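Quick caveat, the model's predicted, so the values are computed rather than measured.
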Amino acid sequence: MLRFIEITFLSENYEQACRLRNEILRQPLGLDLLEEDLSAEADYLHFGIVEGSRVIACVLAVPVSDVKVKIKQMAVSADFQKRGVGKSLLSNSETSLKQRGFQFLELDARTSAVGFYQKLGYQKVGEEFLSVSIPHQKMRKSLTE
């Protein structure tokens, strides 16, 4: 059974989420998340989907202001992709963020994921740009509409 959870910084679930982010998002680009300084993540909100005790999807939410948060580094385990897990993770995260008083979400989507976010109500802002060597698109969503 899959469950949505909030992940505590430096917990076992956090360590699993870091390994997942590294495997899905960094290693394919020749980068290593585990070599980066992640201390700033103590101030972020961390959400995940677990199957039993295994983190199979995760996302970060970085408060930008009292009402705006930036979604970062969403990753879904390869064996759970294309099964609604990412949609569930984002939907549950948005509900949690709205309950905390956040009204606006922004993210920098890999261009390959823009369609996924558009289906969930995110809108493109501005032009494509390069980040970690690949094309991205800034996107926004209001939680008040």
Side-chain angles (χ1 to χ4, degrees), residues 1-9 11-31 33-34 36 38 40-145:
M1 187 174 108
L2 304 183
R3 287 183 304 117
F4 172 77
I5 62 167
E6 186 160 342
I7 295 173
T8 304
F9 183 65
S11 66
E12 171 57 31
N13 284 336
Y14 174 78
E15 301 298 327
Q16 286 187 46
C18 285
R19 288 194 297 273
L20 179 62
R21 287 161 47 204
N22 195 44
E23 173 191 337
I24 300 295
L25 301 173
R26 289 297 193 254
Q27 287 176 338
L29 302 177
L31 302 171
L33 178 78
L34 307 179
E36 297 176 23
L38 303 178
E41 293 190 5
D43 298 326
Y44 300 174
L45 298 165
H46 303 260
F47 301 106
I49 300 277
V50 292
E51 180 189 50
S53 61
R54 176 182 167 216
V55 175
I56 59 147
C58 58
V59 68
L60 306 178
V62 183
V64 176
S65 72
D66 290 344
V67 296
K68 184 164 73 173
V69 72
K70 183 163 188 171
I71 302 296
K72 294 180 70 161
Q73 294 196 9
M74 184 160 146
V76 177
S77 180
D79 47 337
F80 283 89
Q81 291 177 7
K82 310 267 190 248
R83 293 174 49 186
V85 173
K87 179 180 179 181
S88 175
L89 173 60
L90 203 52
S91 174
N92 281 290
S93 298
E94 289 173 3
T95 299
S96 180
L97 292 166
K98 188 173 183 175
Q99 289 168 347
R100 287 173 157 90
F102 292 105
Q103 299 172 17
F104 304 100
L105 305 176
E106 63 181 24
L107 55 84
D108 296 339
R110 293 178 179 203
T111 54
S112 59
V114 166
F116 166 80
Y117 290 110
Q118 284 177 316
K119 286 182 199 162
L120 299 176
Y122 288 79
Q123 298 174 333
K124 290 188 202 179
V125 178
E127 301 297 317
E128 270 186 26
F129 62 95
L130 285 180
S131 179
V132 289
S133 76
I134 55 175
H136 281 70
Q137 173 69 55
K138 184 173 281 306
M139 303 187 81
R140 289 197 184 124
K141 181 176 182 176
S142 171
L143 295 177
T144 60
E145 296 166 6

Kindly give the heavy-atom pair with the smallest separation between Phe102 and Val69, and that separation in Å.
-> CD2-CB, 4.0 Å
Are Lys72 and Glu41 close enough for a salt bridge, meaning some N to O gap below 4.0 Å?
-> no
Decide if atom CD of Gln123 counts as having more than 12 heavy atoms of other residues, nucleotides or ligands within a radius under 6.0 Å.
-> no
Reported CG-to-CG distance for the pair Asp43 and Leu60, which is rounded to 0.5 angstrom | 12.0 Å
One should read off an interatomic distance between Leu45 CG and Ser96 OG, to the nearest 0.5 angstrom, of 7.0 Å
Do you know the tightest heavy-atom contact between Lys141 and Gly121?
-> CG-O, 3.8 Å
Does the side chain of Lys68 come within less than 4.5 Å of Glu106's, by heavy atoms?
-> yes
Between Lys87 and Leu120, is a side-chain contact (heavy atoms from CB on, under 4.5 Å) present by the stated rule, with each step listed?
-> CA-CA 8 Å; Lys87 179 180 179 181; Leu120 299 176; 3.6 Å; yes
Could you tell me whether Arg100 and Glu94 make a salt bridge, using a distance below 4.0 angstrom between a side-chain N and a carboxylate O?
-> no
Would a 4.5 Å heavy-atom cut-off, applied to side chains only, mark Arg3 and Glu51 as touching?
-> no
Might you work through the side-chain contact (heavy atoms from CB on, under 4.5 Å) test for Val59 and Gln73, ending with a clear yes or no?
-> CA-CA 6 Å; Val59 68; Gln73 294 196 9; over 6 Å; no
Any side-chain heavy-atom pair of Leu2 and Val50 under 4.5 Å | no
Nearest non-hydrogen partners of Ile24 and Ala78, listed with the distance = CD1-N, 3.9 Å
Between Phe47 and Phe4, how do the two ring planes meet: parallel, tilted or perpendicular, split at 30° and 60°?
-> parallel
If you measure from the Lys or Arg side-chain nitrogens to the Asp or Glu carboxylate oxygens, is any gap between Arg26 and Glu36 under 4.0 Å?
-> yes
Neighbour count >12 (heavy atoms, 6.0 Å) for atom NZ, Lys70 | yes
Does the side chain of Glu23 come within less than 4.5 Å of Arg19's, by heavy atoms?
-> no
Are Leu31 and Val132 side-chain neighbours, meaning at least one heavy-atom pair lies under 4.5 Å?
-> yes
May I ask you to check whether Ser77 and Asp79 show a side-chain donor-acceptor distance below 3.5 Å?
-> yes
Of all heavy-atom pairs between Cys18 and Leu33, which one has the smallest distance, and what is that distance?
-> O-CD2, 3.4 Å
Counting distance only, does the side-chain N/O of Gln137 pair as donor-acceptor with the main-chain N or O of Val125 below 3.5 Å?
-> yes
With a 3.5 Å cut-off and no angle check, do the side chains of Ser88 and Asn92 form a donor-acceptor pair?
-> yes
Measuring from Ile71:CD1 to Leu97:CG, what's the distance to the nearest 0.5 Å?
-> 5.5 Å
With Ala17 via side-chain contact (heavy atoms from CB on, under 4.5 Å) - residues at least two apart = Ile7, Val55, Cys58
Taking the side chain from Thr8 and the backbone from Ser11, do they hold a donor-acceptor pair closer than 3.5 Å?
-> no
Check: Lys138 side chain, Glu128 main-chain N or O, donor-acceptor pair, under 3.5 Å | no
Non-neighbouring partners of Ser53 that pass side-chain contact (heavy atoms from CB on, under 4.5 Å), sequence neighbours left out = none
Side-chain contact test, heavy atoms from C-beta onward, threshold under 4.5 Å: evaluate it for Tyr14 versus Leu38 and give yes or no.
-> yes
Over all atoms of both residues, closest heavy-atom pair of Ala75 and Arg21 = CB-CA, 4.1 Å
Looking only at heavy atoms, the pair that brings Val76 and Ala57 closest together is CG2-CB, 4.0 Å
Lys98 NZ to Ser142 OG distance, which is reported to the nearest 0.5 Å | 8.0 Å
One should read off an interatomic distance between Asp108 CG and Ser131 OG, to the nearest 0.5 angstrom, of 6.5 Å
Distance (rounded to the nearest 0.5 Å) between Arg140 CZ and Phe104 CZ | 10.0 Å
Counting only N and O atoms by type, is there a donor-acceptor contact under 3.5 Å from the side chain of Ser93 to the main-chain atoms of Leu89?
-> yes
Student check: side-chain heavy atoms of Met74 and Phe116 closer than 4.5 Å | yes
